4 protein chains.
Amino acid sequence: MNKELNGNSVELLNEDKNLSDRSDLIRKYQKVRNFSFELCKSLVTEDYVVQSMPDVSPTKWHLAHTSWFFEAFILSKADPDYVSLHPQYNFLFNSYYVLVGERWTRAMRGLLSRPTVYDVYKYRDYVDEKMLEFLGRSSEEIYGNFASVVEIGIHHEQQHQELILTDIKHVFSINPLAPVYFERKVKIDSNIPKLNWIPFNEGVYEIGFEGKDFSYDNEGPKHKEYIESFMLSSRLITNGEYLNFMEDNGYHRPELWLSDGYASAENEKWSAPLYWKKENSKWYNFTLIGKQIVNPAEPVCHVSYYEADAYARWSGSRLPSEAEWEIAANDISIEGNFADNKNFHPVPLEKSNGKLQQMYGDVWEWTRSSYSPYPGYKTLPGALGEYNGKFMSNQMILRGGSCATSLSHIRKTYRNFFPPNARWQFMGIRLAKDV
Amino acid sequence: MNKELNGNSVELLNEDKNLSDRSDLIRKYQKVRNFSFELCKSLVTEDYVVQSMPDVSPTKWHLAHTSWFFEAFILSKADPDYVSLHPQYNFLFNSYYVLVGERWTRAMRGLLSRPTVYDVYKYRDYVDEKMLEFLGRSSEEIYGNFASVVEIGIHHEQQHQELILTDIKHVFSINPLAPVYFERKVKIDSNIPKLNWIPFNEGVYEIGFEGKDFSYDNEGPKHKEYIESFMLSSRLITNGEYLNFMEDNGYHRPELWLSDGYASAENEKWSAPLYWKKENSKWYNFTLIGKQIVNPAEPVCHVSYYEADAYARWSGSRLPSEAEWEIAANDISIEGNFADNKNFHPVPLEKSNGKLQQMYGDVWEWTRSSYSPYPGYKTLPGALGEYNGKFMSNQMILRGGSCATSLSHIRKTYRNFFPPNARWQFMGIRLAKDV
Amino acid sequence: MNKELNGNSVELLNEDKNLSDRSDLIRKYQKVRNFSFELCKSLVTEDYVVQSMPDVSPTKWHLAHTSWFFEAFILSKADPDYVSLHPQYNFLFNSYYVLVGERWTRAMRGLLSRPTVYDVYKYRDYVDEKMLEFLGRSSEEIYGNFASVVEIGIHHEQQHQELILTDIKHVFSINPLAPVYFERKVKIDSNIPKLNWIPFNEGVYEIGFEGKDFSYDNEGPKHKEYIESFMLSSRLITNGEYLNFMEDNGYHRPELWLSDGYASAENEKWSAPLYWKKENSKWYNFTLIGKQIVNPAEPVCHVSYYEADAYARWSGSRLPSEAEWEIAANDISIEGNFADNKNFHPVPLEKSNGKLQQMYGDVWEWTRSSYSPYPGYKTLPGALGEYNGKFMSNQMILRGGSCATSLSHIRKTYRNFFPPNARWQFMGIRLAKDV
Amino acid sequence: MNKELNGNSVELLNEDKNLSDRSDLIRKYQKVRNFSFELCKSLVTEDYVVQSMPDVSPTKWHLAHTSWFFEAFILSKADPDYVSLHPQYNFLFNSYYVLVGERWTRAMRGLLSRPTVYDVYKYRDYVDEKMLEFLGRSSEEIYGNFASVVEIGIHHEQQHQELILTDIKHVFSINPLAPVYFERKVKIDSNIPKLNWIPFNEGVYEIGFEGKDFSYDNEGPKHKEYIESFMLSSRLITNGEYLNFMEDNGYHRPELWLSDGYASAENEKWSAPLYWKKENSKWYNFTLIGKQIVNPAEPVCHVSYYEADAYARWSGSRLPSEAEWEIAANDISIEGNFADNKNFHPVPLEKSNGKLQQMYGDVWEWTRSSYSPYPGYKTLPGALGEYNGKFMSNQMILRGGSCATSLSHIRKTYRNFFPPNARWQFMGIRLAKDV
């Protein structure tokens, strides 16, 4: 990674540099583990149990699964005598690692009343105790073998922290009692800053991760791509702009849509972003901070790839490729509206500075790139090889992180991916144009 | 109800006789309401939330719905100013009463984390307080108008008490941690008492309920039926006998099955009663008192109508009609293994007395009669008319109550009904034969 | 069969009496086989191939299956050296006789382009030749063993002749080119004769078939039933009357419907009988004689049991039981609008004669009786035992035959049966009332 | 199109050069239209009607739809007074052009017995007559406006000729009578020529179509891509090699598969290529020339993208990207086993020449590239814009044509696309490797 290009992420680099330093890793481990706990503070026991659709997992499952990850990939491998807290937990809390063994069916995670929430917290304590012992006292050789896997486990837990937020949002959204996750006041503002087009030159660019710090395997290897000239919209598309698309009959004009997208919109009866609902001819938005009137200045959120693509076509532009996004992000410091800010919802941009804004945080930005391996990509050996590589079909790339992502989790090269009809993540729209 | 025919149910009669007596009704109301509470004693919060299949409802839903029933059919009707504890509860806890308004989708009852278990108990307290006020202080006229509806509400709650048991059994059964509802030791005994055939003469019989005591509308009117001579098996079919059917390849011989039944068995992959599982070539039975080895002497339980019918054909007999069952029950006192006994599972018959045994309790007995109206049947007016009548298609009649039924709930004329592929109730087999 | 009770069916009796007479049986065989051919005269090759829904079979399948029946149950049993025209025909043309072997999946009958229509007619010729040889030249012993099965085969073919008509009607109905099966002019008449209520006394009646003539096993044994007093509507319900139900919002008033029925109506979007379609605020009816404006005087047709039941409830009456129908039919001669008349559609009743009318022909009359065995019922041994008995669940009884039934096929005791949501047969409504 | 690069396709160039020359276009039109007729010579009427799965269309639908295309996009646009042969044909034979109007549901194309095959041929004659009139006599201006659309229509018909073959193969394959489309003898040979790896250098390449001759819109614009060094297998993978993968348990090793792919393989019970069936421990292959023992030397065919991808992973290589394929095809002349050869099945490579072989014809070659727009891609205006662009999600690119493709239809830049689980096209495997 080129220092000039990333001057602004120096702190992160420093934080990651001394991976071999045990106390640093312990500190990071504890910080992230505690954050999971903190995110659940406002939940009551019943909230931890429910799975409101197959894509959603119960909160207690997330809490247990992230602990199981450390057990399955570190504790039980580093110590052949390691005994889990319960013989069934390996079966119950494995997500999709076929090579680790049989799993409880994903769509049935909400059918389990036991282990209880209390049991799950006990399980977390048990794993934490064993992990701290491992991090503090294992031999240099064993520590060396597993330190990078601990790093993966920490980032893995951060991914599930994002899911805890998006999943509980869905659970609450379908409930007629409309529970509020986090009390916060919001000022509605219809003042939308100007959208500028930022140009980039054609040429051969280097794309993908290289370096010693942590990254997922799918971010590399670094490789060259030839990119034609393009322009990127200076900011995210807002609710107000998206409403124009809706009012221009956007959801019922097949010529604006991909064929699969229009079919999805019809089958799933989409007529607005997920969580929007019209009442007495006004649009409301269900959010983690309660139901609120749709805020025109806020970045639009919870739209599928198909909706983002149709919006772009309607507006006479297109979605960026992931390479274009990465090139544009080259000089942008990683800062923005992240989970750390505890807004738990996108926030309006106050004013335009004439440059690229909102590249990080707020909402994941759909790209037109389908998720596929970079030239020379190799999966990790063993079960960890299942982490990323096996999902490289029928998914689209998203970039930049969201208001539910942790700041320390994101990178310029970070490739998030979801099926094109997914909507329950904090997903939004940035536009691109050919020159 | 004719005293000669029912000499043995005198105690019940006495209990029901003074319906007009408010203190009696209060006592009955309180007793039944308390029993719901008692049945939930061993549950933890998470257990109340889960819906393990569409037919199952979460325990907290049962507790709330039975309270809603008193609100919807008595409190809000008797007092136009009545205010429920929450404006959404009428929507959330209506089951299938279309005329009362919109309802939350049945198959999605397990997706609601709120109201919490605590909220639901508060709701029960609220309704109890209002009901006791109503029962104690309402004017004679209003009391007179609604006393019989209170009676329905009490029996309605008893039905849901049975469902609380059958539903939590299903919830626990799919859980790899195999929770135990009620700790109890069982002695395995393979000693099966002799099965005798008890004959009954042909002739015109009176069938159905008549009298002043409580009954559901579908039990009447009393009417005449001509019944040919028949014989009834003296006792229920046991696990041991059912195992013989299984070992004789019963599940894979289409000539023994109804066509729809064989299709169900194939689609749902039946090869034993629900809750049976073979491990290391031994059959185990998941029960409310834990997993136990299949007890040959116990009445077989959790079989569908199709399995009961196939078993009967295999054994060279048939299932009784509901009229035959009722004729045979004429001189039998209502006693047996009910929920009151807290066995929560069928128990073996100790020895044959040469007469009809196990007619009440243990397991509901499938009849070959489909659920249809008796000659002259009229539904109740208004929404209560939806209680029974609208289900008179595609269901089969069961008779006699089970180990999950309350003794005070059952009658000789009681008509339970379930679709022929239902298995999760305590359902078993008694045989009949033509002479 | 009691002569007094059935004086009017003497002709039928004479026809059936000499079952042992080979030439009679040959004549019946040929007549029925030729009628299949005649029914297909107006079809083009492509019409024989299509299966427009799972319940429908292609015409060529009906033609082949009815031939296969004679092969499977007579030719191949009577002569161990019998060779079919093609080794795969037993697999392709077995319908549901599990004991005869594997079958081609029912819902996939329309996926087979081969054997061609020409091949199927060759197959029919082949079977006819072998059958005539068998009927004319087999030994007395063998003939004696199989003569009654030939009789079943003849009636079986008549059943499929009805299906050829109902199925090709469905095939044509979904086609935007609206093919006409049979050219015939119809006079639209809104003059609906008076509906009278014909009373019958309570008492013990004998129900079911007894005698030497042909009947299906499910029509017996003759047995006693006690029937309360009842009244039957003198004629069938007409389109005009059914329109009143529709205009009174009948399809959207759940209190008129069985619960399963209302769900079916919602899921399958019923708002009128099958084949009715509103165009420019007028109702049209697709029929075998072309699209025509709905004729108010015609018996209503192609309604499900659920619709018939809802109509009856709306009109303040109910559907008859099958025993009531049979008692009422006791003195009625078998005559009416049958397939023999080649109307291929119900016809209006010209005027009321104050007695029961339209009991036979026009439309099958839904009864409230679910299809179940009569007391003492035994299935035939072997694969023929699958003919009727295994369908005795989830079906309702219909009586009286339709405009697609052959006159010589129907009997007073004839029990037709279909699932309560079936609509594509010629099914209509006669009402009953308690006294 | 660069002459040097394509010296070998000079004949095609000459054929295309004089697009403006009416007689040339008439000749091409007639030749292609006749070829459709020729492909159907061996079919009987019933074969034209059947749709054996939703992806398949009946032959008569293909014949009608390709005629409708000329009507919808040329005849009715060029002449406002144009009248189709039947007012319903626009509804029945529109495939997916939403902007042209409502369409008959795709999955129900096999439910239509009318129009008959005869009617469809009459329709073709009608359209041909009108088209020839148009091509010969229209004004220069109108001709000029539509000549390129005629060209599209011709290539469109060629695409459907390929589908006629693949679809009738599927129709025949499910038929127990196993019809043969085309009689031809095959010599089984297990002699598999050596597979070499042909290297290509990294660099910036031009990809995509540019020129005056016909191409689809999705093949352009020509643009630059940076490609890392790679190697391509010199020939297609054979049945024999694929059998090794199968025998190495390839279908049951999840680590070899994409996650969606393994799920497809489980759900659809894949254990071999489509049309393979094991009988008495030998593998047979259903082909258009009859059932034959699996030929080890033949290119493997009818595998999905998922299977191709798993095979590649198993073999230690990967699939090529579409750009890699196109770069490699740069110097290859377009020749091979096409529909013109009337083999209607892939043929074994006789021997290796040390260079790239089998790049064209035999089987479409799966690439790892998902179907997405090239930089600068614009769809055609109007309904023709629906031809390609709206399918750019959830599909993978295939290159090179197959034994069912016409030689004059294929190009170096031709981008075929199908969902990754599609198998019924002639789809096979060429491998690539990083250097």
Side-chain angles (χ1 to χ4, degrees), chain C residues 40 42-61 63-64 84-94 101-105 107-121 123 167-181, chain D residues 40 42-61 63-64 84-94 101-105 107-121 123 167-181:
Chain C
C40 299
S42 66
L43 304 185
V44 298
T45 300
E46 291 87 340
D47 297 333
Y48 287 80
V49 179
V50 168
Q51 176 174 37
S52 52
M53 67 161 176
D55 284 339
V56 159
S57 295
T59 309
K60 71 171 179 159
W61 187 89
L63 294 175
S84 177
L85 194 56
H86 195 288
Q88 289 281 22
Y89 285 0
N90 189 51
F91 172 67
L92 286 173
F93 300 128
N94 180 358
E102 296 288 312
R103 283 127 290 134
W104 181 252
T105 305
M108 293 168 67
R109 287 176 188 162
L111 307 188
L112 297 172
S113 66
R114 319 280 180 101
T116 64
V117 174
Y118 177 77
D119 295 336
V120 165
Y121 276 118
Y123 179 43
D167 290 2
I168 202 71
K169 180 171 184 176
H170 193 269
V171 168
F172 283 0
S173 77
I174 63 156
N175 194 309
L177 304 185
V180 173
Y181 171 75
Chain D
C40 298
S42 67
L43 304 185
V44 298
T45 301
E46 291 87 340
D47 297 333
Y48 287 81
V49 179
V50 167
Q51 176 173 38
S52 52
M53 67 162 176
D55 284 338
V56 159
S57 296
T59 309
K60 70 171 179 160
W61 187 90
L63 293 176
S84 176
L85 193 57
H86 195 289
Q88 289 282 21
Y89 286 180
N90 189 50
F91 173 67
L92 286 172
F93 300 129
N94 180 358
E102 296 288 313
R103 285 126 290 136
W104 181 252
T105 306
M108 293 169 68
R109 288 177 187 162
L111 308 188
L112 297 172
S113 66
R114 317 280 180 100
T116 63
V117 174
Y118 178 78
D119 295 336
V120 165
Y121 277 118
Y123 180 44
D167 291 1
I168 203 68
K169 181 170 184 177
H170 193 269
V171 168
F172 283 0
S173 77
I174 64 155
N175 194 310
L177 305 185
V180 173
Y181 171 76

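First the proteins, then the strands, lettered A, B, ... as listed; each starts at 1. All of these numbers come straight from a predicted model, not from anything done at the bench.
Heavy-atom distances place no part of C:Tyr48 under 4.5 Å from chain D, backbone and side chain included. Contacts between C:Pro87 and chain D at a heavy-atom distance below 4.5 Å are absent for every atom of the residue. C:Leu177 touches chain D through its side chain: at least one heavy atom from C-beta onward sits under 4.5 Å away, while N, CA, C and O do not. In this structure, no portion of C:Val56 lies under 4.5 Å from any heavy atom of chain D. Both the backbone and the side chain of C:Ile174 come within contact range of chain D, each with at least one heavy atom under 4.5 Å from a heavy atom of that chain.
Contacts with chain D were tallied for C:Lys60, C:Gln51, C:Gln88; C:Gln88 has the most, counting heavy-atom pairs under 4.5 Å. Among D:Thr45, D:Asp47, D:Val44, the residue with the largest count of heavy-atom pairs under 4.5 Å with chain C is D:Asp47.
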Carefully, step by step, assess D:Glu46 and C:Leu112 under the rule side-chain contact (heavy atoms from CB on, under 4.5 Å).
-> CA-CA 8 Å; D:Glu46 291 87 340; C:Leu112 297 172; over 6 Å; no
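Taking each heavy atom of C:Arg114 and D:Pro179 in turn, the nearest pair found is CG-CG, 3.6 Å. Here the shortest heavy-atom pairing between C:Val171 and D:Ser113 reads CG1-OG, 4.2 Å.
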